[in-house]
Amino acid sequence: MDKVYDHRKYEQKIYSLWEKNGAFTPKVDKSKNPFTIIMPPPNANDPLHVGHAREVATQDILIRYHRMKGNSTLWLPGSDHAGIETQYVFEKKLREKGKSRSDYDRDTLYNMIWDYVKDNTGVMEKQLRQLGASCDWSRFKFTLDEKIIKIVYKTFKKLYYDGLIYRGERIVNYCPLCGTSFSQLEVNYIEKEDELYYLDYETLTIATTRPETIFADVAIAVNPKDNKYKKLVGKAAKIPLINREVPIITDRLVDLNFGTGALKVTPGHDPVDFEIGEKHNLSIISVIDMEGKMINTPEKYISMKASVAREEVVKDLEEKGYIKKRERLHHSVGVCYKHKTPIEPIVSKQWFIKVKPLAEISKAALKKGEVKIVAKKYDKIAHHWLNNLKDWNISRQIVWGIRIPAWRCDKCLEWTITDGVVPKNCVSCGHEKLIQDPDTFDTWFSSGQWPYATLLAQSRISNFQFPISKNDKAKFEDFDYFYPTSVMNPAYDILPFWVIRMIMLGLYATTRVPFKIVLLHGLVRDRFGVKISKSKGNVINPIEMINKYGADSLRMASIWGSLVENDSSLSEDNIRGQRNFANKIWNAARFIFLESVAKRGGYSKAPTTKNSYDLKIIKQLRVTTKKVTRLLEKYRLNEAAETLYDFFWNQFANDYLEKTKSRRKDAQKILDFVLQESLKLLHPFMPFVTEAIWQESKNRFNNTTLISSSWPK
RNA sequence: GGGCGUUUAGCUCAGUGGUAGAGCGCUUCGUUCACAUCGAAGAGGUCGUUGGUUCAAAUCCAACAGCGCCCACCA
């Protein structure tokens with residue numbers, strides 16, 4: 001053994017050894033309890049960041065622990081096509097070449113993105129291996145795998161025929177730059193100073209920040225309790241510049257203290273106004289199109305960009321004396337989470353999921369404890385979302401994704417929904433000319449089905465219908481055995497996007513929760529607790545750290561110092577400290593291996609001894625084992641890691657080991673035993689160095705691998 | 001405007017009723033003996049503030065203050 005542990009010499013070799021032995025691939029074994037984690041699938045074409053490193057470390061610790069405990073343990077890896085993210089990155093590349101998405105037809109564009117993603121295939125997977133992820137590669141799934149798509153279609157079809165999906169002309173959050181709509185969750189809000197214009201509508205004055213939308217006004221609303229307008233209700237107001245009359249109505253949504261207390265109702269371009277419009281049966285006028293350009297306005301504004309039109313309209317209003325007052329207004333506006341540019345609320349026809357019934361069954365499952373959220377603070381947030389989610393817009397106007405299996409009849413305009421098969425005839429009128437909706441699903445719609453989709457896709461059976469209930473057992477192999485999965489461990493920031501939708505769709509499609517435990521994890525911050533971002537220049541590259549200090553060190557450092565559910569701070573100092581610990585373990589072993597082995601093949605229980613130091617370290621080992629086990633069961637990984645660190649370095653190496661130097665031969669069996677047990681306890685946390693030592697021990701312990709040894713009791 | 005969380009050693013964080021903890025950093029000394037990616041010793045905190053409950057509070061409760069995050073229909 002070398003004087004210093006050199007991770008570069010061992011990590012790759014050890015990982016291959018595990019793979020060669022099939023250590024990651026569990027068997028469906030009814031005599032054992034399953035333990036399953038479905039890995040949150042990283043983006044297929046992105047390298048991992050340090051947050052992934054923490055997530056991988058967390059899951060791999062749980063996985064290795066359960067595997068050693070004797071569960072049939074499955075960690076299913078996968079990757080996500082990440083619709084919008086990927087198309088966004090790809091379009092940026094196109095722009096660099098002076099091209100845009102509109103230069104290509106749908107299929108060409110799709111194939112180009114497919115090729116682009118394929119070029120990056122394997123990067124993320126290689127990095128997972130470098131991190132030591134003991135996931136079952138034979139079950140790897142991609143969100144665009146044929147079988148996955150088929151399952152997503154089945155879910156959609158069932159939702160449709162159950163009346164839980166409707167195609168609605170509704171106001172959607174549209175980003176003109178992305179060229180697609182979003183759900184409520186993809187909209188961010190930023191604080192902003194804007195001009196608030198008080199406009200003369202003849203009968204009264206209204207205040208607005210968006211004068212370019214006055215042409216889309218269909219009413220003026222005042223609060224029913226607002227006395228100053230009581231006598232105007234039912235009368236008409238006149239839109240400036242075009243002199244179109246609109247009725248004055250009442251609605252309690254109007255804030256009587258804002259502006260003049262009178263609101264111009266523009267259902268075509270404002271979510272609240274849309275709601276008011278629905279209630280009062282108002283018509284909808286659109287004056288901004290999908291490209292963010294003006295339509296249905298007086299000639300001079302037509303096809304101006306909305307922001308330009310605003311200036312022009314203001315100028316004209318000013319000239320004609322319609323602007324009575326201007327104010328600066330500090331407010332928040334919705335922006336695209338990618339571009340940070342304003343979201344344009346526009347009305348369009350899209351597919352929506354009725355969320356309420358699904359939220360109700362999810363709440364019931366939480367209440368019954370079928371699914372538990374480990375940190376109660378997140379349980380509260382989950383309930384907040386379940387109570388506040390609106391109908392979910394799942395249509396995206398992009399090509400990179402799963403195309404919606406909906407065909408519209410050219411004759412009767414009715415929709416035919418299938419589970420992917422191109423229909424020959426319209427279900428309503430039998431007409432033969434049908435046109436498929438060009439839109440794709442929101443990525444979260446497919447990843448919301450990930451736990452059951454990945455397991456079902458492994459099955460040989462594909463001609464089934466949802467829902468699958470408990471009684472359909474003994475058909476689907478993996479799914480029957482591993483579902484519901486044990487732990488789901490994503491970052492807390494995707495709780496509403498992903499976790500809640502998995503619960504909703506899982507319960508809907510399989511009558512069971514997709515996982516029993518939700519263990520949300522925090523974000524990795526830099527050593528000052530500041531959020532990591534490229535612009536701040538505090539990015540920690542996990543692969544660089546692995547090359548420098550070894551995967552064990554990065555893993556250990558990334559879970560060190562804070563609870564799973566909290567944000568953690570990571571610094572190179574910390575990683576280096578863990579590298580030192582790995583070296584400490586290595587050298588303690590090296591010291592122990594200097595003396596010939598006392599008993600080949602290892603120990604199944606503590607050797608007998610009367611020496612008081614021996615007895616003390618055996619007791620300390622027992623206490624540590626119990627404590628670490630208990631902490632792992634409670635997902636308190638940092639405390640478990642810290643307990644082990646203290647035990648091995650202080651109690652074992654510094655205290656006990658020093659004291660054996662004068663009675664080396666006599667103590668050898670205890671040294672071998674405590675090292676053997678320590679390596680097992682440390683293995684989930686630092687798999688490489690511990691396995692490297694195990695392999696170097698030359699049958700001192702036993703002749704198999706550490707990864708497949710059993711957890712100490 | 002709501003909600004959630006947080007405030008403990010220089011830094012980053014554990015500790016959830018019983019004499020203040022870890023890592024990193026710092027100081028001093030040591031080290032041909034497994035490891036300088038080492039060892040020994042040490043400095044450093046009235047646990048945000050004020051009240052309350054309790055034999056006992058960093059820990060439970062209330063109020064206040066600072067910080068952070070999330071949500072929201074101020075047009």
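Scope of the values below: all heavy atoms of this structure, side chains included, with no hydrogens, waters or symmetry mates. Each chain gets a letter, A, B and so on, in the order the sequences are listed, and its residues count up from 1. All values derive from a computational prediction rather than experimental measurement.
Within 4.0 Å (heavy atoms only), A:Lys661 reaches at least one base atom of the nucleic acid. Within 4.0 Å of A:Arg590, counting heavy atoms only, lie sugar-phosphate atoms of the nucleic acid but no base atom. Contact annotation for A:Asp573: backbone-only contact, meaning every heavy-atom pair under 4.0 Å involves sugar-phosphate atoms and none involves a base. Using a 4.0 Å heavy-atom criterion, one finds that A:Glu572 contacts no nucleic acid atom at all. Among the protein residues, A:Leu329 comes within range of the sugar-phosphate backbone only, with heavy atoms under 4.0 Å from sugar or phosphate atoms but none that close to a base. Contact annotation for A:Leu563: backbone-only contact, meaning every heavy-atom pair under 4.0 Å involves sugar-phosphate atoms and none involves a base. At the heavy-atom level, A:Glu658 lies under 4.0 Å from base atoms of the strands shown. Counting any heavy atom pair closer than 4.0 Å across all strands shown, A:Asn654 reaches sugar-phosphate atoms only and no base atom. The residue A:Asp273 sits apart from the nucleic acid: no heavy atom pair falls under 4.0 Å. Counting any heavy atom pair closer than 4.0 Å across all strands shown, A:Phe528 reaches sugar-phosphate atoms only and no base atom. Heavy atoms of A:Ala653 sit under 4.0 angstrom from at least one base atom. Nucleic acid contact class of A:Phe581 (heavy atoms, under 4.0 Å, all strands): none.
Residue side chain A:Glu595 does not reach the base of B:rA34 through any donor-acceptor N/O pair under 3.5 Å, judged by distance alone. The base of B:rC4 does not come close enough to the side chain of A:Lys377 for any donor and acceptor atom to sit less than 3.5 Å apart. Counting distance only, with no hydrogens placed and no angle test, the side-chain atoms of A:Arg579 and the base atoms of B:rU37 include a donor-acceptor pair under 3.5 Å.
Residue A:Asn388 has no polar side-chain atom (N or O) positioned under 4.0 Å from OP1 or OP2 of B:rA72. Within the 4.0 Å cut-off from OP1 or OP2 of B:rC73, at least one side-chain nitrogen or oxygen of A:Lys390 is found. Between A:Gln578 and B:rU37, a side-chain N or O to OP1/OP2 separation shorter than 4.0 Å is absent.
Distance A:Leu631 CG to B:rG15 P: 10 Å, rounded to the nearest Å. Atom CH2 in A:Trp586 sits roughly 17 Å away from atom P in B:rU37 (whole-Å rounding). Distance A:Leu263 CG to B:rA75 P: 10 Å, rounded to the nearest Å. Here the P atom of nucleotide B:rA75 and the CG atom of A:Leu256 are 16 Å apart, to the nearest Å. Atom CG in A:Asp646 sits about 18 Å away from atom P in B:rA14, given to the nearest Å. Distance CD1 (A:Ile500) to P (B:rC71): 12 Å, rounded to an integer number of Å. A:Asn574 places its CG atom 18 Å from the P atom of B:rU37, with the value rounded to the nearest Å. For the pair A:Phe648 CZ and B:rC38 P, the computed distance is 14 Å after rounding to whole Å.
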Distance-only check: which donor-acceptor pairs under 3.5 Å involve side-chain atoms of residues 381-392 of chain A, not counting sequence neighbours?
from: A:His383; atom 1: ND1; to: A:Asp379; atom 2: O; distance (Å): 3.0
from: A:His384; atom 1: ND1; to: A:Asn388; atom 2: ND2; distance (Å): 3.3
from: A:Asn387; atom 1: OD1; to: A:Lys363; atom 2: NZ; distance (Å): 2.6
from: A:Asn387; atom 1: ND2; to: A:His383; atom 2: O; distance (Å): 3.1
from: A:Asn388; atom 1: ND2; to: A:His384; atom 2: O; distance (Å): 2.7
from: A:Asp391; atom 1: OD1; to: A:Val355; atom 2: N; distance (Å): 3.2
from: A:Asp391; atom 1: OD2; to: A:Tyr166; atom 2: OH; distance (Å): 2.7
from: A:Trp392; atom 1: NE1; to: A:Asp442; atom 2: OD2; distance (Å): 3.0

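Comparing B:rG48 with B:rA57, their C1' atoms are spaced 16 Å from each other, to the whole Å. B:rC33 sits 15 Å from B:rC38 when the P atoms are compared, rounded to a whole Å. On the P atoms, B:rC26 is 14 Å away from B:rU37, given to the nearest whole Å. Between B:rG66 and B:rC24, the two C1' atoms lie 26 Å apart (nearest whole Å). The separation of B:rG23 from B:rG42, taken at their P atoms, amounts to 15 Å, rounded to a whole angstrom. Comparing the same atom, P, in B:rA75 and in B:rG5 gives a spacing of 29 Å after rounding to whole Å. B:rU46 and B:rU54 are spaced 28 Å apart, taking the P atom of each and rounding to whole Å. One C1' atom belongs to B:rU7, the other to B:rC47, and the distance between them is 10 Å to the nearest Å.
Comparing B:rA14, B:rA34, B:rC73 by their nearest atom to the side chain of A:Leu594 picks out B:rA34. Considering only side-chain atoms of A:Trp560, the nucleotide from B:rA34, B:rG23, B:rG39 that sits closest is B:rG23. When distances are taken from the side chain of A:Arg576 to each of B:rC73, B:rG25, B:rC35, the shortest belongs to B:rG25.
Side-chain contact, A:Tyr198 with A:Glu327: a donor N or O sits under 3.5 Å from an acceptor N or O. Side-chain contact annotation: A:His7 with A:Asp552, donor-acceptor N/O pair under 3.5 Å absent. Remark: the A:Thr58 side chain and the A:Glu55 side chain contain no N/O donor-acceptor pair separated by less than 3.5 Å.
The cationic atom of A:Lys661 (NZ for Lys, CZ for Arg) lies less than 6.0 Å from the six-membered ring centre of A:Phe591 and within 45° of the ring axis.
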Worked verdict on A:Met294 versus A:Thr297 for side chain to side chain contact (heavy atoms under 4.5 Å, CB included): CA-CA 7 Å; A:Met294 304 303 289; A:Thr297 64; 3.9 Å; yes

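Relative orientation of the A:Tyr645 and A:Phe581 rings is tilted, given thresholds of 30° and 60° on the angle between their planes.
Map A:Lys584 and A:Ser568 each onto its nearest nucleotide of RNA chain B; the residue landing nearer the 5' end is A:Ser568. A residue-by-residue look at A:Lys3 and A:Lys531 shows that A:Lys3 has its nearest nucleotide of RNA chain B further toward the 5' end.
A heavy atom closer than 4.0 Å to some atom of RNA chain B occurs in no member of residues 681-692 of chain A. A heavy atom closer than 4.0 Å to some atom of RNA chain B occurs in A:Lys380, A:His384, A:Trp385, these being the qualifying members of residues 379-387 of chain A.
Taking both residues in full, the closest heavy atoms of A:Ser183 and A:Arg501 are given as OG-NH2, 3.6 Å, listed atom of the first, atom of the second, then distance. Here the closest heavy-atom approach between residue A:Ala491 and residue A:Leu520 is recorded as O-CD2, 3.9 Å. Between A:Pro684 and A:Pro687, the closest heavy-atom pair is O-CD, 4.1 Å.
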